[in-house]
Protein chains: 2
Amino acid sequence: MQSLSSDFAAMQAGIDRVATRIAGVPVADVLLLRMIKHLGTTMTARMERVLQPHGLAETDFSALMQLFSSADGSASPGELCGLIAQRPTNMTRITDALVRKRLVTRRPDSADRRRVALRITPAGVRFVHSLLPEMIAGLEAGFAGLGAGDKRQLDRLLRRLAASIDATTQDTPR
Amino acid sequence: MQSLSSDFAAMQAGIDRVATRIAGVPVADVLLLRMIKHLGTTMTARMERVLQPHGLAETDFSALMQLFSSADGSASPGELCGLIAQRPTNMTRITDALVRKRLVTRRPDSADRRRVALRITPAGVRFVHSLLPEMIAGLEAGFAGLGAGDKRQLDRLLRRLAASIDATTQDTPR
DNA sequence: AGTCTATATTTCAGCAATGGAATTTCGGCT
DNA sequence: AGCCGAAATTCCATTGCTGAAATATAGACT
């Protein structure tokens with residue numbers, strides 16, 4: 001990986017090469033898919049770099065952010081499962097990590113004692129506040145080359161693509 | 001995951017909730033990042049569904065496609081490493097899988113005996129030909145909602161985003 | 001030729017992230 | 001009371017990848 005742009009060039013060369021050997025390859029579609037995937041993983045990896053020194057993975061941070069932004073700073077593992085698309089098994093591990101770092105407390109829910117109430121701690125709130133500036137700066141720098149109009153267009157096109165993909169899905173997801 | 005569109009709505013709600021609690025969150029950028037990542041993983045997962053019944057992972061298939069589309073149907077593991085962004089260690093494993101399925105042969109390179117020459121077999125070529133129609137159909141269906149103009153715009157915006165991200169990178173990649 | 005350094009591949013051991021199945025505890029319904 | 005289902009956890013397994021060391025060979029320098 002030299003740069004995203006050169007990666008794109010390599011992708012295009014590879015796809016073109018396939019297209020010359022087989023008719024009917026939708027070159028543009030393949031390239032868009034590959035570019036989207038590559039951008040997604042690369043940008044996510046950059047965000048992870050901010051978290052890594054603190055020993056948190058991206059899913060851990062997502063869970064913490066959900067607690068942070070919830071009305072009363074608390075939620076149950078099961079609720080978070082839905083919000084960050086994780087299985088209960090994994091949610092338990094994420095919770096363990098956050099509790100071990102004293103960013104979150106875990107106590108039994110008094111109303112329904114099957115449940116556990118997770119709550120972000122003051123240290124957790126401080127942690128989020130301390131990390132956001134760096135993440136925001138990285139994000140804004142990455143998007144600096146796009147104007148407001150570009151972003152609106154990109155937003156619109158991505159939503160249109162999502163709707164298009166949804167339309168093809170009649171089988172059971174996942 | 002109900003649908004991509006509803007996932008997007010949930011993402012936006014979460015981000016908006018954070019934005020109300022902290023000033024300066026670039027909501028549009030965060031949302032774009034999350035949408036791109038989600039689209040990338042979802043679309044890739046759909047492609048993988050085609051491969052799964054055949055016991056191949058996506059990286060395996062990528063390697064096979066590179067061999068397929070190379071001028072003489074052959075390459076060394078090291079060359080493929082660069083083309084599909086994998087480490088040598090992993091490339092060995094991928095090669096093992098492809099050889100075990102008789103899609104590729106592995107023989108010492110006579111010119112440079114440190115090297116190994118991988119070559120796609122006739123069965124490998126047939127395999128690619130047999131799988132492509134299904135992959136192409138799925139891909140075209142997914143992109144059916146975008147017109148040619150949409151695709152050109154999306155391509156342009158993604159490249160612009162890539163260039164913008166590249167511009168922020170002066171530290172050593174990876 | 002002999003020696004040294006670099007390259008290509010492989011093996012080994014292991015990690016990170018996740019998932020399924022079974023288990024425990026409890027709520028709610030009959 | 002008895003039963004079914006939900007929530008969280010534990011245990012074990014899988015997937016996909018990696019670094020370090022080992023092996024074999026090439027190429028350069030003396």
Side-chain angles (χ1 to χ4, degrees), chain A residues 1 37 40-42 44-45 47-49 51-64 67 74-100 104-119 173-174, chain B residues 1 37 40-42 44-45 47-49 51-64 67 74-100 104-119 173-174:
Chain A
M1 179 200 291
K37 183 189 177 198
T41 57
T42 304
T44 303
M47 290 296 109
E48 288 230 339
R49 278 197 216 160
L51 297 174
Q52 197 161 354
H54 304 278
L56 283 190
E58 203 227 352
T59 45
D60 303 336
F61 188 72
S62 296
L64 186 63
L67 282 176
S74 84
S76 72
E79 287 167 344
L80 293 184
C81 270
L83 291 172
I84 67 173
Q86 295 293 326
R87 305 280 160 178
T89 300
N90 213 22
M91 197 64 234
T92 297
R93 212 177 30 75
I94 292 170
T95 304
D96 291 343
L98 294 175
V99 168
R100 188 162 29 78
V104 159
T105 59
R106 171 199 256 148
R107 67 171 188 78
D109 184 324
S110 47
D112 181 342
R113 285 197 313 221
R114 291 170 305 182
R115 286 174 179 254
V116 167
L118 306 181
R119 177 176 296 277
R174 185 169 274 281
Chain B
M1 177 199 290
K37 184 190 175 199
T41 57
T42 304
T44 303
M47 290 295 110
E48 289 231 339
R49 278 197 218 162
L51 297 174
Q52 196 160 356
H54 304 278
L56 284 189
E58 204 227 350
T59 45
D60 303 335
F61 188 71
S62 296
L64 186 62
L67 283 176
S74 85
S76 74
E79 287 166 343
L80 293 184
C81 270
L83 292 172
I84 67 172
Q86 296 294 326
R87 305 279 159 177
T89 300
N90 211 22
M91 197 63 235
T92 298
R93 208 177 36 75
I94 292 169
T95 304
D96 290 344
L98 295 176
V99 168
R100 187 160 31 77
V104 160
T105 60
R106 172 199 257 146
R107 66 170 190 76
D109 183 326
S110 48
D112 181 343
R113 285 199 312 224
R114 293 170 303 181
R115 286 174 178 254
V116 166
L118 306 181
R119 176 176 297 277
R174 179 163 276 283

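Side chains included, hydrogens not; waters and symmetry mates left out as well; all remaining heavy atoms used. Labels below follow one simple rule: chain letters A, B, ... track the order of the sequence lines, proteins then strands, and each chain is numbered from 1.
Within the 3.5 Å criterion, the main-chain N or O of B:A57 finds a donor-acceptor partner in the side chain of B:D60. In this structure, the side chain of B:Q86 does not engage the main chain of B:C81 through any donor-acceptor pair within 3.5 Å.
Between the CG atom of A:D109 and the P atom of D:dA8 there is a distance of 9 Å, rounded to whole Å. In this structure, CZ of B:R87 is placed 17 Å from P of D:dA21, rounded to the nearest angstrom. Distance CG (B:L98) to P (D:dG16): 13 Å, rounded to an integer number of Å. Counting to the nearest Å, the P atom of D:dA8 and the CG atom of A:L118 are 8 Å from each other. The nearest whole Å value for the distance from the CZ atom in A:R107 to the C1' atom in D:dA7 is 16 Å.
Within the 4.5 Å cutoff, the side chain of B:L67 has heavy atoms near those of the B:L118 side chain. Counting heavy atoms from C-beta outward, B:V116 and B:D109 have side chains that stay 4.5 Å or more apart.
Salt bridge annotation for B:R115-B:D112: present, with a cationic side-chain nitrogen under 4.0 angstrom from a carboxylate oxygen.
A donor-acceptor contact closer than 3.5 angstrom links the side chains of A:N90 and A:R93.
More than 12 heavy atoms of other shown residues, nucleotides or ligands fall within 6.0 angstrom of atom CD in A:E48.
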- Tell me, for nucleotides 10-17 of chain C in 5' to 3' order, what letter each nucleotide earns: B for a base near a protein heavy atom under 4.0 Å, S for only sugar-phosphate near one, - for neither? BBB----S

Expected rows: protein N/O vs nucleotides 24-26 of chain C N/O, under 3.5 Å:
none

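Summarising the geometry of B:I84 relative to B:T59, their closest heavy-atom pair is CD1-O, 3.9 Å, with the distance given to 0.1 Å.
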